[in-house]
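Please read the structure below before turning to the comments.
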Amino acid sequence: MPSSRTGRPPVQRASRRPRSAVLRPPRENPVQRLYTRARKAWDRPLTAYYLIVGGSVLITVLGLVMVYSASQITALQLSLPGSYFFRKQFLAALIGGALLFAASRMPVKLHRALAYPILAGAVFLMALVQVPGIGMAVNGNQNWISLGGSFQIQPSEFGKLALVLWGADLIARKQERRLLTQWKHMLVPLVPVAFLLLGLIMLGGDMGTAIILTAILFGLLWLAGAPTRLFAGVLSVAGLIGVTLIKTSPNRMARLACIGATEPKAGVADCWQAVHGIYALASGGLFGSGLGASVEKWGQLPEAHTDFIFAVTGEELGLAGTLSVLALFAALGYAGIRVAGRTEDPFVRYAAGGVTTWITAQAVINIGAVLGLLPIAGVPLPLFSYGGSALLPTMFAIGLLIAFARDEPAARAALAMRQPRFGRKRAGDPGPVRRPTGAPRRWNTMRRRASAARSSGER
């Protein structure tokens with residue numbers, strides 16, 4: 001081996017590799033990177049919680065704005081102040097907000113304990129509607145009770161909440177005893193009680209609410225794992241009863257005839273409301289004519305602030321506004337399905353699924369009627385349309401979803417790790433660490449690193 005002049009062996013230098021031979025990690029596609037980040041954020045434990053809270057608040061606030069805009073002309077035509085309906089809806093939203101907060105803080109055991117009292121109260125009030133001198137008719141339906149003055153209550157709206165809570169508790173108890181494998185325990189007493197509520201509703205002629213209640217019943221049976229034959233049998237009986245009730249009523253047949261109508265007709269099926277709802281949506285364009293600038297609400301469109309408030313929204317806020325409302329309801333429905341699918345508590349699964357079925361089915365029926373795809377059923381858009389009787393039980397149901405979303409094990413752990421930014425310190429919190437004089441500000445760098453290292457991925 002040759003040596004250098006100093007007598008030391010020559011230093012062997014490592015051969016340089018060409019840059020092309022160095023292995024580099026492939027660059028991630030920006031679209032794929034965005035998709036990965038969105039998926040990680042979507043899979044966080046508190047995603048459903050934030051979707052339910054944010055979606056319900058945005059729908060309620062936007063609904064208040066549209067109620068104020070759509071009801072001004074109707075109030076003035078009745079010689080009332082322009083903000084009359086808005087003030088009543090705002091009061092109902094405040095009461096509903098209190099119910100939502102109370103329901104979101106209740107433990108699951110208390111929700112189950114309230115199932116039977118709410119059911120008994122709903123049945124009593126729905127039977128009281130048929131008593132002469134107590135019940136009152138609105139738009140041909142005998143399903144209201146006057147509370148004095150301009151305040152009324154519709155007990156059938158509380159029947160939806162009663163069926164969800166009571167049905168979820170009943171099926172959960174039968175599942176714990178392993179009785180759902182027998183068809184008689186699957187149907188009795190759930191179906192007879194549901195038919196009792198449906199009978200009391202149909203005595204007043206409210207077909208729309210009866211359809212929502214039927215959807216809740218089928219949602220509970222589907223979640224309970226009803227066999228296909230049993231499910232099809234109950235569906236056939238309900239469908240036969242529904243067809244009979246529709247064919248025996250000229251008003252309901254006229255509503256069926258207005259599906260897809262584009263201009264008013266002569267005769268019983270004049271389709272005035274359905275056609276002017278389409279006119280309102282068609283004249284909105286992409287971004288609408290502007291808030292408060294609707295033309296159809298000036299007496300052309302009946303029930304502009306209740307059943308057809310979605311049409312006024314399309315006219316004033318355009319396609320962008322209607323798609324935003326649809327996106328909010330889709331997010332709310334997804335969050336409810338996620339809560340029902342990730343829980344281990346049978347009652348939570350059935351109650352969350354029942355509430356999601358209720359809100360989703362009612363929104364689809366209302367929006368489908370406004371679009372001319374379904375017959376006009378006379379049901380309000382949840383959290384959006386005017387009506388305190390519909391708003392109060394719906395907000396209580398949203399509170400149930402919030403409580404269930406908070407009760408997930410991963411969500412509880414994520415909430416426990418969150419540090420309060422304002423207010424009092426938690427127990428055992430040593431308080432802020434003082435940095436030495438002249439030390440650089442780190443702006444919670446260590447906290448961010450610790451948060452990123454958590455397995456839950458949630459702050």
Please check this pair: side chain of Lys297 against backbone of Gly292, looking for a donor-acceptor N/O pair closer than 3.5 Å.
yes

Under the 3.5 angstrom rule, does the side chain of Ser56 hit a backbone N or O of Val53 as a donor-acceptor pair?
yes

Under the ring-ring contact (aromatic ring centres under 6.0 Å, His included) test, residues paired with Phe396 that sit two or more places apart
none

Treating Glu315 as the side-chain partner and Val295 as the backbone partner, does any N or O pair qualify as donor plus acceptor under 3.5 Å?
yes

Does any non-hydrogen side-chain atom of Leu373 lie less than 4.5 Å from one of Ile259?
no

Contact summary for Ile52 and Ala405, nearest pair of heavy atoms
CD1-CB, 4.2 Å

Positive for side chain to side chain contact (heavy atoms under 4.5 Å, CB included) with Met66, one of Val312, Leu381, Val325
Val312

Does the plane of the ring in Phe85 sit parallel, tilted or perpendicular to the ring in His305? Use 30° and 60° as the thresholds.
tilted

Plane angle bin for His276 and Trp272 - parallel if under 30°, tilted between 30 and 60°, otherwise perpendicular
tilted

Please output the side-chain donor-acceptor pairs of residues 92-114 that fall under 3.5 Å, not counting sequence neighbours, one pair per line with the distance.
unit_1 : atom_1 : unit_2 : atom_2 : d
Ser104 : OG     : Leu100 : O      : 3.2
Ser104 : OG     : Phe101 : O      : 2.7
His111 : NE2    : Ala103 : O      : 3.0
Arg112 : NE     : Asp169 : OD1    : 2.8
Arg112 : NH2    : Asp169 : OD1    : 3.1

For residues Tyr334 and Thr356, determine if any side-chain heavy atom of one lies less than 4.5 Å from a side-chain heavy atom of the other.
no

Heavy-atom pair with the smallest gap, counting every atom of Gly333 and Thr360:
CA-OG1, 4.2 Å

Student check: side-chain heavy atoms of Leu197 and Val123 closer than 4.5 Å
yes

Counting only N and O atoms by type, is there a donor-acceptor contact under 3.5 Å from the side chain of Gln142 to the main-chain atoms of Gly135?
yes

Would you please name every residue forming a ring-ring contact (aromatic ring centres under 6.0 Å, His included) with Phe195, sequence neighbours left out?
none

Strictly distance-based, threshold 3.5 Å: is any side-chain N or O of Thr322 a donor or acceptor partner for the main-chain N or O of Leu319?
yes

